[in-house]
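Quick notes on the structure that follows.
If you're wondering where the values come from, they're calculated on a predicted model, not measured in any experiment.
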Amino acid sequence: MRMGETTEFMQSQIVKDFNRDLEQYHLGPLWEAIPAIMNHEPKPQAEAYLWKWDLIYKKLMESAEIFTPERGGERRAIYFQNPGLTYRQPWGWASTTQTLYAAAQLILPGEKAPSHRHSQGALRFITNGEGAYTIVEGERIFMEEGDFLITPAGLWHGHAHVGDKPMIWMDALDIPVIYSMGGTFFEPYPDQLQQPKKPDNFTSRRYQGGMVRPISDRYASVAPLADYKWSQTVKAIDGLSAFEPDPYDGYAVEYINPSTGETANATIASWMQKLPKGFHTKAHRHTHASIYNVFRGSGYSIINGVRFDWSKGDYFVIPNWAWHEHVALEDSFLFSCSDLPIMEKFNLEKSQALEENNGHQTVKGEFKPVLA
Ligand code: GTQ
C-alpha cells in the first residue's frame with residue numbers, strides 16, 4: 001500500500017483508536033495527514049471570488065460614519081476575506097489569498113493616518129481621487145488616480161489628505177506570509193505623522209527618465225522609486241500597442257525597481273494590463289495567486305470554468321493553479337498583484353497553457369456576487 005491510500009485496515013478500530021490516543025499527547029499520525037497535505041498539485045484553500053465596487057464603496061462610507069484613522073485603528077481600511085480561508089486560519093482572520101492581504105482604504109479631506117512601520121511590505125494602487133499624500137521615510141508623495149506606490153518593509157509611512165474629496169486606494173501587503181513565518185514587527189511613530197525630510201515627490205522626480213537612472217543609484221536602495229505615475233505607466237502600455245499582445249495577458253507591464261530590474265516590492269509582483277475591447281485571452285494557470293482591481297472598463301474572466309463578470313472598481317481573486325482567461329467588453333485596464341516573487345524564491349513557479357478547445361475553457365457556471 002502507498003502512503004495516503006485507504007485500506008480497510010487503515011479504517012479499522014485499532015488504527016482509529018491509536019490515532020485518537022496520539023492526539024492527547026499533541027502528537028499526530030502522518031498516515032492520516034498525508035492525503036490532505038501532500039496534494040498531487042496545488043490545491044489552494046483560497047477560492048476564486050469577486051467583490052463589487054458598489055458594495056466596497058458603501059461599506060467604506062458607512063465605516064467613515066464610525067471610524068476616523070486618528071480616533072482608532074490607524075487606517076480606515078476594509079480588507080477582502082477570501083471565503084475559502086474564513087475561520088480556517090489559526091489566527092482567526094481570513095486573508096485574501098494564502099499569501100497576500102488586500103484592502104480598500106478611505107481617507108477623507110483633512111484626515112491624518114499616523115505614521116508607523118512594520119516588517120510587512122506594502123503597495124498602494126490609487127483607484128479614486130487625488131490630493132492626499134503618503135509620507136514614506138520623510139518624503140511626501142502626492143497621489144493621483146492610477147499611481148502605483150510602494151512602501152517596502154521597515155520604512156516609516158503615514159498618510160494625510162489635504163485635498164477636498166474622499167480618496168480611496170487599494171492596499172496589498174504580505175501579511176499572511178510574515179504572520180505564518182512568525183516575523184511580525186510593528187512600531188508606531190513617536191509623533192502622529194512624520195515630518196517631511198526630503199523635497200515632495202522626490203523619487204518620482206528623480207526617475208523621470210524611465211530607461212536611465214541617476215548615476216548615484218548604481219548601488220540600489222530598496223525604494224529608489226516609490227511612486228510610479230499613471231501617466232508613465234499608460235505611456236509604456238501604449239508603446240506596446242504596435243506589437244502582438246501577450247496571448248494570456250494582453251498589453252501588460254510589470255512595476256520594477258529601476259535600479260535592479262527586480263519586482264518593485266521584494267515579495268509582491270505588480271502588473272498593469274490593458275485588454276482592448278473584444279480581446280479574449282487564452283487560458284492558462286500558474287502557481288502564483290493574483291488579486292485584481294478593475295481600474296477601467298468592463299468584461300469577464302473565466303476562472304476554473306466559472307464566469308466572473310467585472311466592471312470598474314471591482315476586486316477579484318485568481319487562486320493558485322486556477323485556469324483563467326479574460327474577455328474585455330470595452331477597453332479595460334486591470335491592476336493586479338501576486339505572490340510570484342515568493343513562488344520563484346521557493347522554486348515553485350510553474351505555468352501551463354490550456355491545450356484543448358483552442359485554449360479556451362468551457363463555461364460551467366456564473367459567479368453571483370453579493371450585492372450592496
Ligand atoms: O496604510 O499603512 O491596509 O499599514 C494595512 C496595513 C494599510 C497602511 C493596510 C497598513 C496600511
Legend entry - Donor-acceptor pair, side chain of D314 and main chain of K52, under 3.5 angstrom: no
Inset, instruction - Say whether, by atom type as modelled, one donor and one acceptor occur between the side chain of T287 and the main chain of K350 under 3.5 angstrom. - result: yes
Legend entry - Where P341 and N265 come nearest, the two heavy atoms and their spacing: CG-O, 4.5 Å
Legend entry - Path from F185 to V222 over hydrophobic side-chain contacts below 4.5 Å: no
Legend entry - Heavy atoms from other residues, nucleotides or ligands near CZ of F367 exceed 12 (cutoff 6.0 Å): yes
Inset, instruction - Output the distance between atom CG (N293) and atom NZ (K312), rounded to the nearest 0.5 Å. - result: 9.0 Å
Inset, instruction - Verify the neighbour count for atom NZ of K165: are there more than 12 heavy atoms of other residues, nucleotides or ligands below 6.0 Å? - result: no
Inset, instruction - Give a yes-or-no answer on whether the side chains of T68 and R76 include a donor-acceptor pair shorter than 3.5 Å. - result: no
Inset, instruction - Grab the two heavy atoms, one from L149 and one from D227, that are nearest each other, plus how far apart they are. - result: CG-OD1, 3.7 Å
Inset, instruction - Would you tell me whether H286 and E349 have side-chain atoms, one donor and one acceptor, within less than 3.5 Å of each other? - result: no
Legend entry - Side-chain donor or acceptor of T203 paired with backbone N/O of A226 under 3.5 Å: yes
Legend entry - N/O donor-acceptor pair under 3.5 Å between E145 side chain and G129 backbone: yes
Inset, instruction - Check the hydrophobic clustering (I, L, V, M, F, W, Y; side-chain heavy atoms under 4.5 Å; chains of links allowed) and say if M143 and F335 are grouped together. - result: no
Inset, instruction - For the pair H118 and F186, name the ring-plane relationship: parallel under 30°, tilted 30 to 60°, perpendicular over 60°. - result: parallel
Legend entry - Between T281 and E325, a side-chain donor and acceptor under 3.5 Å: no
Legend entry - Distance-only donor-acceptor check, side chains T96 and N82, under 3.5 Å: no
Inset, instruction - Quick one: pull up CH2 in W323 and CD1 in I303 and give me the separation to the nearest 0.5 Å. - result: 14.0 Å
Inset, instruction - Would you check, one step at a time, whether the test side-chain hydrogen bond (donor to acceptor under 3.5 Å, both in side chains) holds for Q352 with H284? - result: CA-CA 6 Å; Q352 188 182 10; H284 71 162; over 6 Å; no
Inset, instruction - State whether a side-chain donor-acceptor pair under 3.5 Å links H157 with T134. - result: no
Legend entry - Closest non-hydrogen atom pair, E47 against P83: OE1-CG, 3.7 Å
Inset, instruction - Determine the minimum heavy-atom distance between A269 and L340, stating which atoms define it. - result: CB-CB, 4.0 Å
Inset, instruction - Return yes if some donor-acceptor pair links the side-chain N/O of D246 with the main-chain N/O of D249 below 3.5 Å, else return no. - result: yes
Inset, instruction - State whether the number of non-hydrogen atoms from other residues, nucleotides or ligands found under 6.0 Å of F279 atom CZ is greater than 12. - result: yes
Legend entry - Side chain S241, main chain G239, donor-acceptor under 3.5 Å: no
Inset, instruction - Any chance you could measure F142, atom CZ, to I135, atom CD1, to the nearest 0.5 Å? - result: 9.0 Å
Legend entry - Flag for Y207-D217: side-chain donor and acceptor within less than 3.5 Å: yes
Inset, instruction - Would you please test H280 and H326 for side-chain contact (heavy atoms from CB on, under 4.5 Å) and show each step? - result: CA-CA 6 Å; H280 190 159; H326 309 292; over 6 Å; no
Inset, instruction - In sequence, state the C-alpha distance, the side-chain angles, and the governing distance for L173 and L123, and then conclude on side-chain contact (heavy atoms from CB on, under 4.5 Å). - result: CA-CA 7 Å; L173 293 90; L123 65 85; over 6 Å; no
Inset, instruction - Given salt bridge (charged side-chain N to carboxylate O under 4.0 Å, His left out), test K43 with E41 step by step and report yes or no. - result: CA-CA 6 Å; K43 218 164 97 185; E41 57 181 28; over 6 Å; no
Legend entry - More than 12 heavy atoms from other groups under 6.0 Å of CG on N39: yes
Legend entry - Same apolar cluster (I L V M F W Y, side chains within < 4.5 Å links), L50/V306: yes
Legend entry - Flag for Q120-D174: side-chain donor and acceptor within less than 3.5 Å: no
Legend entry - Gap between atom OG of S270 and atom CZ of R124 - 0.5 Å precision: 12.0 Å
Inset, instruction - Could you tell me whether the side chains of Q24 and D21 share a donor-acceptor contact shorter than 3.5 Å? - result: yes
Inset, instruction - Considering only NZ, NE, NH1 and NH2 on the basic side and carboxylate oxygens on the acidic side, decide whether K277 and D331 come within less than 4.0 Å. - result: no
Inset, instruction - Look up atom CZ in F308 and atom NE2 in H324, then write down how far apart they are to the nearest 0.5 Å. - result: 12.5 Å
Inset, instruction - Applying salt bridge (charged side-chain N to carboxylate O under 4.0 Å, His left out), run through R307 and E366 and close with a yes or a no. - result: CA-CA 5 Å; R307 175 173 162 150; E366 231 170 77; 5.0 Å; no
Inset, instruction - Could you tell me whether Y315 and W51 have their ring centroids closer than 6.0 angstrom? - result: no
Legend entry - Short side-chain donor-acceptor distance under 3.5 Å, S301 and W310: yes
Inset, instruction - Answer with yes or no whether the side chains of Y79 and Q81 bring together a donor and an acceptor at under 3.5 Å. - result: yes
Inset, instruction - Let me know which of F148, F125, F333 forms a ring pair (Phe, Tyr, Trp, His ring centres under 6.0 Å) with W230. - result: F333
Inset, instruction - Check for a donor-acceptor pair, side chain of N257 on one end and backbone N or O of S259 on the other, with a separation under 3.5 Å. - result: yes
Legend entry - Main-chain N/O of G359 paired to N357 side chain as donor or acceptor, under 3.5 Å: no
Inset, instruction - Ignoring hydrogens and angles, tell me if any N or O in the side chain of R75 forms a donor-acceptor pair with the backbone of H159 under 3.5 Å. - result: no
Inset, instruction - Might you point out which heavy atoms bring P166 and H161 nearest each other, and give the distance in Å? - result: C-NE2, 4.2 Å
Inset, instruction - Check whether any side-chain heavy atom of I126 sits under 4.5 Å from a side-chain heavy atom of E144, and report yes or no. - result: no
Inset, instruction - Verify, without hydrogens or angle tests, whether S180 (side chain) and P176 (backbone) share a donor-acceptor contact under 3.5 angstrom. - result: yes
Legend entry - Linked, directly or transitively: I268 and V317 (ILVMFWY side chains, under 4.5 Å): yes
Legend entry - Short N-O contact, K197 and E139, less than 4.0 angstrom: no
Legend entry - Shortest non-hydrogen contact between M170 and A102, atoms and distance: CE-CB, 4.2 Å
Inset, instruction - Answer yes if the side chains of R206 and S216 hold a donor-acceptor pair under 3.5 Å, and no otherwise. - result: yes
Inset, instruction - Please check if any side-chain donor atom of E32 sits under 3.5 Å from a side-chain acceptor atom of N19, or the reverse. - result: yes
